[in-house]
Number of protein chains: 2
Amino acid sequence: MKALIVDDDLALSDVVSFTMRRAGFDVITAHDGRSALERWEADDPDIIILDLNLPKLDGLSVCKSIRDQGDTPIIILSVRGEEEDVVKGLELGADDYIVKPFSPRQLVARAEAVLRRAKSAPVFPGPQSAGNFVLDPARNEVCIGNGDNIQLTQLESRLLEVLMLNCGQVLTSVSIIDSVWGSNGGDRVMLKQLVYRLRRKIEINPSEPVHLITISGVGYAFEA
Amino acid sequence: MKALIVDDDLALSDVVSFTMRRAGFDVITAHDGRSALERWEADDPDIIILDLNLPKLDGLSVCKSIRDQGDTPIIILSVRGEEEDVVKGLELGADDYIVKPFSPRQLVARAEAVLRRAKSAPVFPGPQSAGNFVLDPARNEVCIGNGDNIQLTQLESRLLEVLMLNCGQVLTSVSIIDSVWGSNGGDRVMLKQLVYRLRRKIEINPSEPVHLITISGVGYAFEA
DNA sequence: CAGGTGGGTCACAAGTTGGTAACAGGCTCA
DNA sequence: TGAGCCTGTTACCAACTTGTGACCCACCTG
């Protein structure tokens with residue numbers, strides 16, 4: 001496993017490098033945005049630890065460039081007070097963030113978690129399965145366990161597909177709405193309705209859902 | 001939105017074109033592999049509907065060429081019995097497939113789904129751990145030791161996240177307020193209230209806190 | 001001792017969120 | 001044309017979240 005560490009603070013960069021090496025990573029470093037991109041292209045790392053404050057080319061731009069050209073996992077380093085930039089980074093496709101000061105062990109733990117997540121989520125069209133759910137998006141049908149097929153509507157099928165593609169993860173209402181209706185299509189009320197209708201088809205007891213879980217104030221998650 | 005439709009069966013191609021046009025797409029057509037590539041380079045479509053059986057240059061080769069040079073979404077049209085080719089196509093980077101015969105509406109739905117999927121959902125940060133506390137900021141849940149999960153509100157979860165990220169360190173009230181409510185959001189009274197509420201959930205004896213410690217005149221600290 | 005300050009506790013109200021239900025327009029298909 | 005389904009819309013209700021004011025106690029200081 002190769003890690004690219006990008007930080008202009010040399011002291012910190014050294015600490016991080018040491019920790020990651022001890023955790024079994026090969027480490028490459030860069031100290032400004034432009035050389036970060038060069039190292040990324042040249043050495044093809046498995047994960048990138050990226051500080052946002054960088055000379056020559058700021059962290060967000062680096063993040064965007066890398067996301068435009070590939071899907072190497074990225075963890076953002078930020079200092080307190082940069083919350084907005086962190087959010088921007090996550091929206092640009094970063095995989096996680098960690099706030100300085102942090103314990104080295106924390107960083108390693110997050111890095112390994114991100115790598116695990118990256119490997120386990122190959123996005124593939126066609127029939128989706130998660131747990132004992134098998135969804136055929138082409139026919140809008142879902143089969144639960146070894147039971148009968150359940151006929152869904154198109155919207156129900158899309159909703160379930162999005163959730164199953166991100167099985168176990170929490171999706172915000174907004175991102176679900178984007179995925180189901182497109183970026184300027186639906187609203188929360190329509191999603192609420194759709195969830196209600198889907199639950200009546202796939203949950204044994206729709207009023208106590210065990211698969212299509214509500215995360216209050218955030219969104220929904222699918223559990224197999 | 002521009003769609004490039006590639007099929008040597010003129011009748012089918014016409015039906016597909018008509019449907020896509022009615023769905024609001026601009027449509028370009030090609031009837032063999034070589035001209036498909038030419039049209040792709042010349043017109044830069046947003047999505048490609050690609051039949052696999054093509055004269056001059058077969059569909060898989062077209063698929064490969066396009067993937068080598070760009071990332072335009074591709075939907076493969078196949079007839080039953082060509083499953084192996086479909087799999088090859090998906091491995092080459094096609095985004096979805098649809099089996100003939102299909103209803104026009106289905107095709108449009110899949111096309112829109114693929115386009116939506118192209119800009120995918122934002123990802124949530126992973127769990128935080130400190131001592132025997134494990135916090136899932138996405139679900140607003142915390143697990144203490146091997147006990148049950150405790151459901152938090154959004155604000156409680158943010159507060160705990162900030163404190164856990166700086167485990168063992170003292171944070172001033174002001175910096176906590178900034179992190180939880182944003183730079184011009186909260187005041188000390190709201191923080192006081194929030195601490196009180198969080199303590200009732202995570203402390204065994206809320207009136208003698210051992211984790212969420214008060215540093216009088218300064219702020220708070222989290223101890224694992 | 002009186003008064004001020006910081007913090008903990010409690011109760012309440014407004015606002016928000018999510019689940020449920022019923023209905024209407026539009027589309028498909030016979 | 002008419003039946004039936006899908007989807008969006010509105011409405012209502014219950015539960016929860018959050019901000020606010022009030023009150024208390026402990027401590028410090030003059």
Side-chain angles (χ1 to χ4, degrees), chain A residues 139-141 150-160 163 170-174 176-177 180-182 184-221, chain B residues 19 22-24 102-109 112-113 139-142 150-160 170-174 176-177 180-182 184-221:
Chain A
R139 300 189 201 291
N140 299 339
E141 275 178 2
I150 298 172
Q151 188 64 50
L152 304 177
T153 69
Q154 275 194 59
L155 286 182
E156 288 159 0
S157 167
R158 274 191 221 160
L159 172 60
L160 189 53
L163 291 169
V170 180
L171 300 180
T172 65
S173 297
V174 175
I176 297 175
I177 289 168
V180 174
W181 283 275
N184 38 7
D187 57 30
R188 279 151 203 280
V189 182
M190 286 156 60
L191 176 58
K192 187 169 72 166
Q193 244 328 291
L194 188 59
V195 167
Y196 173 61
R197 284 167 174 152
L198 180 55
R199 275 189 182 142
R200 293 210 296 189
K201 294 193 179 177
I202 66 170
E203 296 281 359
I204 297 173
N205 180 0
S207 50
E208 288 176 16
V210 293
H211 298 113
L212 209 173
I213 312 286
T214 301
I215 314 295
S216 193
V218 183
Y220 297 88
Chain B
T19 319
R22 209 180 40 176
F102 53 85
S103 85
R105 265 198 341 187
Q106 277 256 341
L107 176 62
V108 173
E112 285 172 348
R139 289 180 156 71
N140 299 337
E141 274 177 3
V142 66
I150 298 172
Q151 190 64 51
L152 305 177
T153 71
Q154 282 199 81
L155 286 182
E156 288 159 1
S157 168
R158 296 242 281 279
L159 173 60
L160 188 53
V170 179
L171 299 180
T172 66
S173 295
V174 176
I176 297 176
I177 290 169
V180 174
W181 282 273
N184 38 6
D187 57 31
R188 279 152 203 281
V189 181
M190 286 156 61
L191 177 58
K192 186 171 72 167
Q193 220 4 259
L194 188 59
V195 166
Y196 171 62
R197 284 168 172 152
L198 181 55
R199 276 188 181 143
R200 293 210 297 189
K201 294 193 179 177
I202 65 170
E203 297 282 359
I204 298 173
N205 180 359
S207 50
E208 288 176 16
V210 293
H211 298 113
L212 209 173
I213 312 287
T214 302
I215 315 295
S216 195
V218 185
Y220 298 88

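So that the names make sense, note that chain A is the first sequence line, chain B the second, and so on, each numbered from 1. All figures in this text were calculated on a predicted structure; none of them were measured in a lab.
At the heavy-atom level, B:V195 lies nowhere under 4.0 Å from the strands shown. The residue B:R188 sits apart from the nucleic acid: no heavy atom pair falls under 4.0 Å. Within the 4.0 angstrom heavy-atom criterion, only backbone atoms of the sugar-phosphate kind lie near B:G217; the bases stay farther away. Residue A:L194 is out of contact with every strand shown, counting any heavy-atom pair closer than 4.0 Å.
Rounded to an integer number of Å, the gap from CG of A:L212 to C1' of C:dG19 is 13 Å. When the P atom of C:dT17 is taken as reference, atom CG of B:N140 falls 14 Å away, rounded to whole Å. As rounded to whole Å, 15 Å separates atom C1' of C:dA24 from atom CE of A:M190. Rounding to whole angstrom units, CZ of residue A:R158 and P of D:dC6 are separated by 14 Å. C:dT9 atom C1' lies 15 Å from atom CD of B:E203, rounded to whole Å. What separates CD of B:Q193 from P of C:dA14 is a distance of 17 Å, to the nearest Å. One atom, CD1 of A:I215, and another, P of D:dC16, lie 15 Å apart when rounded to the nearest Å. To the nearest angstrom, P of D:dG8 lies 17 Å from OH of A:Y196.
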Give the intermediate values and the outcome of side-chain contact (heavy atoms from CB on, under 4.5 Å) for residues B:D187 and B:I177. CA-CA 7 Å; B:D187 57 31; B:I177 290 169; 5.5 Å; no
List the steps, then state whether side-chain hydrogen bond (donor to acceptor under 3.5 Å, both in side chains) holds for B:R197 with B:Q193. CA-CA 6 Å; B:R197 284 168 172 152; B:Q193 220 4 259; 3.3 Å; yes
Is there a side-chain contact (heavy atoms from CB on, under 4.5 Å) between B:V174 and B:R188? Walk through the geometry before answering. CA-CA 8 Å; B:V174 176; B:R188 279 152 203 281; 3.7 Å; yes
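Contact between the side-chain N/O atoms of A:S216 and the OP1/OP2 oxygens of D:dA15 is not found at any separation under 4.0 Å. Applying the 4.0 Å criterion to OP1 and OP2 of C:dG19, one finds that A:S207 has every side-chain N and O outside that range. OP1 or OP2 of D:dT7 has at least one side-chain nitrogen or oxygen of A:T153 nearer than 4.0 Å. In this structure, B:W181 does not reach the D:dT18 phosphate: none of its side-chain N or O atoms is under 4.0 Å from OP1 or OP2.
Donor-acceptor pairing under 3.5 Å, judged by distance alone, is present between the side chain of B:R197 and the base of D:dG19.
A donor-acceptor pair under 3.5 Å links the side-chain atoms of A:E203 to the main chain of A:H211, judged by distance alone.
Nearest-nucleotide positions on DNA chain D for A:K201 and B:Q154 put A:K201 closer to the 5' end.
Distance from the side chain of B:K192 is smallest for D:dA22 among the nucleotides D:dA11, D:dT9, D:dA22. Comparing atom distances between the A:Y220 side chain and each of D:dT7, D:dT9, C:dG19 picks out C:dG19 as nearest.
Of the options A:Q151, A:K201, A:R199, a side chain to side chain donor-acceptor pair (under 3.5 Å) to A:E156 is made by A:K201 and by none of the others.
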